Amino acid sequence: MSDPKDQKVSARISSKTKALAKKSRRSYGDLIDIGARHVLSELNTLKIERDFLNEEIEHDKYLLIKKEKRLDEMDARIFELSPKDCENIELSNKMISDAAQDYADLIYRSHGDESLQLVMGKELYQNSIKREAKDNGYSPNLFLNEVIKKLDALCPTCVSDTGEGIV
């Protein structure tokens, strides 16, 4: 990729130098570039080019981060509109996990340490959780298992085996 010519310089030169420049059939900008590279050592030239390349890389990183953030915002909105259409599995899992935590907190606030036993033992509670999942476009069984995991963490006095889940 060639460097854009976005800087302007002016200089006073002799008539002889101007005649030489015209005879070379190169632009004044090209001649200044050639002259600057000729005068500077290769080491100094490389250091300057390296600094510019680092600036380009930092700019490109910024643009990439900006685009990734926009992509995350789009994925979050897709998830809000239709969770089953969200292709970002990591985001989808996080959103379902967060929703399961909120639902588990709600159950725990109502029933305390017996929450997990109630959900595990009564189909009515399980169906209620599954209905909540359906209303929000989540997989009912996945959501139920997530709520159970969250309740297991909230109910320290209960002894349970939620490794396999309910389903």
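Here the structure is a predicted model, which is why all the values come from computation and not from measurement.
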Which heavy atom of A133 sits nearest a heavy atom of P140, and at what distance?
-> CB-CA, 3.6 Å

Which side-chain hydrogen bond (donor to acceptor under 3.5 Å, both in side chains) pairs, counting each pair once, include a residue from residues 45-54, with sequence neighbours left out?
-> R37-E49

Here the gap from R12 atom CZ to K18 atom NZ, rounded to the nearest 0.5 Å, amounts to 10.5 Å

side-chain hydrogen bond (donor to acceptor under 3.5 Å, both in side chains) partners for S14, two or more places apart = T17

Would Q101 and L154 count as a side chain to side chain contact (heavy atoms under 4.5 Å, CB included) if you check the C-alpha gap in whole Å, the side-chain angles of each, and the deciding distance to 0.1 Å?
-> CA-CA 10 Å; Q101 184 66 58; L154 289 171; 4.0 Å; yes

Distance, nearest 0.5 Å, that separates CD1 of I107 from OH of Y125 = 8.5 Å

Say whether L91 and I78 are linked into one hydrophobic cluster, either directly or through other cluster members, by side-chain heavy-atom distances under 4.5 angstrom.
-> no

Should side-chain heavy atoms under 4.5 Å link Ile, Leu, Val, Met, Phe, Trp and Tyr, which residues sit in the same cluster as L53?
-> I57

How far apart are the closest heavy atoms of A21 and S24, and which atoms are they?
-> O-OG, 2.6 Å

List the atom pairs, donor and acceptor, that lie under 3.5 Å between side-chain atoms in residues 25-32 and the rest of the protein, sequence neighbours left out.
unit_1, atom_1, unit_2, atom_2, d
S27, OG, D30, N, 3.0
S27, OG, D30, OD2, 3.4
D30, OD1, K5, NZ, 2.8

Pairwise distance CD(E146) to OG(S139) - rounded to 0.5 angstrom | 10.5 Å

With side chain to side chain contact (heavy atoms under 4.5 Å, CB included) as the test, would you mind laying out the steps for S128 and R131 before giving the verdict?
-> CA-CA 5 Å; S128 174; R131 191 170 30 262; 4.1 Å; yes

E114 side, atom CD; H111 side, atom NE2 - distance, nearest 0.5 Å | 9.5 Å

Sort and list the pairs that fulfil side-chain hydrogen bond (donor to acceptor under 3.5 Å, both in side chains) and have at least one residue in residues 69-80, not counting sequence neighbours.
-> K69-E73, D75-N88, R77-E80

Sorted by chain and number, sequence neighbours left out, side-chain hydrogen bond (donor to acceptor under 3.5 Å, both in side chains) with K134 holds for none

Share the residues that join L106 in a hydrophobic cluster, the rule being Ile, Leu, Val, Met, Phe, Trp or Tyr side chains under 4.5 Å apart at the heavy-atom level.
-> none

With sequence neighbours excluded, residues passing side-chain hydrogen bond (donor to acceptor under 3.5 Å, both in side chains) with D102 | none

Taking side-chain hydrogen bond (donor to acceptor under 3.5 Å, both in side chains) as the test, write out the residues that go with D85, two or more places apart.
-> S82

Who else is in the cluster with L63 when I, L, V, M, F, W and Y are joined by side-chain contacts under 4.5 Å?
-> Y62

Residue pairs passing the ring pair (Phe, Tyr, Trp, His ring centres under 6.0 Å) test where at least one lies in residues 67-93, sequence neighbours excluded = F79-Y138

Straight-line distance of L151 CG to L118 CG, nearest 0.5 Å | 9.5 Å

Results of salt bridge (Lys or Arg N to Asp or Glu O under 4.0 Å) for K61 - residues two or more places apart only | E58

Hey, could you give me the CD1/CD distance between I129 and E132, rounded to the nearest 0.5 Å?
-> 9.5 Å

